[in-house]
Amino acid sequence: MRDVLVPIHDDVGQQSRLQAAFDLVRASQGRLLCLDLAGLDAKGAGAAAGNSLVMEAEVAPLTTVRDQVAASGLSVQWLQSREEMLPAIATFAAQADLIVMSAPRADLFPPTYAAISELLVSANAPIIAVPPESPGISLNGEVLICWDGSREAHHALVAAIPLLRRASAVTIVEIDDGSLKLPASQAQTLLAQRNIVAHVRSDLAFGEKAGFVLLEQIDLLKANYVVMGGFGHSRLVENIFGGVTARLLHESSVPLFLKH
């Protein structure tokens, strides 16, 4: 995961996105791909199309962000687009190993929920959705893996292995609604084969309860980030973990590592 793509735009999620991207690039000794969306008119054509970014008073001017990036000492490539956020990110997604986005919060980020859903399907790279209040992403702490035995959960687990190697502790939380395809023990074995020790916690949960269970586990374990399978388009609300993905995107206090 050497090339990390992060959109640069004056909104309240900018600093948390940027710090998470710094953390990821430093850990991988990779390259930061800064996608400059400064030309995006949040109140013009974007708003008319329903893709506006709601601005707040406390935003970081682009010049300040460029100074921060320059001072980071990281390898950086600046990219520029005058398109709306989703097509702009989609254009450059193929160059990235990982995409850092802001997690949606109430009315602050109306386009990001749809954008994350679309990118989970169209982009090959995993997405890290960072809450605006997050100070970045700690890669050396506790990681919670959401497991429902689905193909998406397996893909997310495999994609996250380079990051999981850095974790101090890994816990697989198995959510069973009666249709579990593969038990968490298989995920545990897969990680063990790669010298990653993981513990398993299992819970029966149906419907909306699964989301509450995982949010409780995040707090209980003091997880630094969460790995889970993501679902795009309508599947985001159809599958048990589709609904859970939606809930955690809106309510998790820690970053989410998502892979379709």
Side-chain angles (χ1 to χ4, degrees), residues 1-25 30-56 59-70 72 74-105 107-132 134 136-137 159 230-233 236 245 249 255-260:
M1 297 184 180
R2 294 186 57 80
D3 290 339
V4 178
L5 177 65
V6 59
I8 304 297
H9 186 272
D10 289 354
D11 59 81
V12 295
Q14 177 61 84
Q15 287 304 307
S16 59
R17 284 198 308 274
L18 191 62
Q19 187 57 57
F22 284 172
D23 294 338
L24 290 158
V25 172
R31 180 176 58 158
L32 184 64
L33 305 178
C34 293
L35 177 55
D36 178 6
L37 298 177
L40 182 63
D41 184 357
K43 298 181 180 180
N51 289 325
S52 64
L53 290 174
V54 176
M55 307 292 290
E56 294 287 318
V59 294
L62 181 60
T63 52
T64 302
V65 173
R66 284 187 176 271
D67 290 342
Q68 284 182 266
V69 171
S72 71
L74 300 173
S75 174
V76 179
Q77 179 179 350
W78 280 90
L79 310 168
Q80 193 162 22
S81 176
R82 299 302 176 187
E83 296 181 285
E84 295 294 328
M85 180 175 64
L86 176 57
I89 296 174
T91 297
F92 294 103
Q95 299 182 30
D97 298 310
L98 191 63
I99 302 170
V100 179
M101 300 278 290
S102 287
R105 281 295 185 275
D107 294 329
L108 295 180
F109 303 99
T112 58
Y113 182 77
I116 289 171
S117 176
E118 293 288 337
L119 287 167
L120 281 171
V121 175
S122 63
N124 187 50
I127 293 172
I128 288 191
V130 186
S134 174
I137 181 168
F231 297 82
H233 301 290
L236 201 57
T245 302
L249 274 170
L256 305 181
F257 179 103
L258 301 166
K259 184 75 168 72
H260 181 65

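Note that the numbering runs from 1 along the sequence shown for the chain. Hydrogens, waters and symmetry mates play no part in the numbers below; they use all other heavy atoms, side chains included. This one's a predicted model, so the numbers in the text were calculated from it and none came from an experiment.
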Inset, instruction - Determine, step by step, whether N124 and K259 satisfy the side-chain contact (heavy atoms from CB on, under 4.5 Å) criterion, reporting the C-alpha distance in whole Å, the side-chain angles of both residues, the deciding distance to 0.1 Å, and the verdict. - result: CA-CA 8 Å; N124 187 50; K259 184 75 168 72; 4.0 Å; yes
To the nearest 0.5 Å, tell me how far [X] [atom1] sits from [Y] [atom2].
| X | Y | atom1 | atom2 | value |
| --- | --- | --- | --- | --- |
| D3 | L24 | CG | CG | 12.5 Å |
| S102 | M85 | OG | CE | 8.5 Å |
| I89 | L37 | CD1 | CG | 6.5 Å |
| H260 | S122 | NE2 | OG | 10.0 Å |

Which pair of heavy atoms, one from [X] and one from [Y], lies closest together, and at what distance?
| X | Y | value |
| --- | --- | --- |
| M101 | P7 | SD-CG, 4.4 Å |
| D23 | I137 | OD2-N, 2.9 Å |
| V65 | Q15 | CG2-NE2, 4.4 Å |
| G136 | P255 | O-CG, 3.6 Å |
| L79 | L33 | CD1-CB, 4.2 Å |
| T112 | A103 | OG1-C, 4.2 Å |

Can you list the residues that meet the side-chain contact (heavy atoms from CB on, under 4.5 Å) rule with [X], with sequence neighbours excluded?
| X | value |
| --- | --- |
| V25 | V4, L32, L74 |
| A90 | L119 |
| A125 | I99 |
| S75 | R31 |

Inset, instruction - Output, in order, the C-alpha distance, side-chain angles, deciding distance and verdict of side-chain contact (heavy atoms from CB on, under 4.5 Å) for F257 and I127. - result: CA-CA 6 Å; F257 179 103; I127 293 172; over 6 Å; no
Inset, instruction - For the pair R17 and D11, find out whether any cationic side-chain nitrogen is under 4.0 Å from an anionic carboxylate oxygen. - result: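 Yes, this pair counts.
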Is the shortest heavy-atom distance from the side chain of [X] to the side chain of [Y] under 4.5 Å?
| X | Y | value |
| --- | --- | --- |
| L258 | L249 | yes |
| Q95 | L5 | no |
| L35 | I8 | no |
| T91 | S81 | no |

Inset, instruction - Might you work through the side-chain contact (heavy atoms from CB on, under 4.5 Å) test for D36 and R66, ending with a clear yes or no? - result: CA-CA 10 Å; D36 178 6; R66 284 187 176 271; 3.7 Å; yes
Legend entry - Short side-chain donor-acceptor distance under 3.5 Å, D10 and Q14: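 The criterion, which ignores hydrogens and geometry beyond distance, is not satisfied for D10 and Q14.
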Inset, instruction - Examine distances only and state if a side-chain atom of S134 and a backbone atom of V130 form a donor-acceptor pair shorter than 3.5 Å. - result: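 No, the answer is negative, given that no donor and acceptor are paired below the 3.5 Å cut-off.
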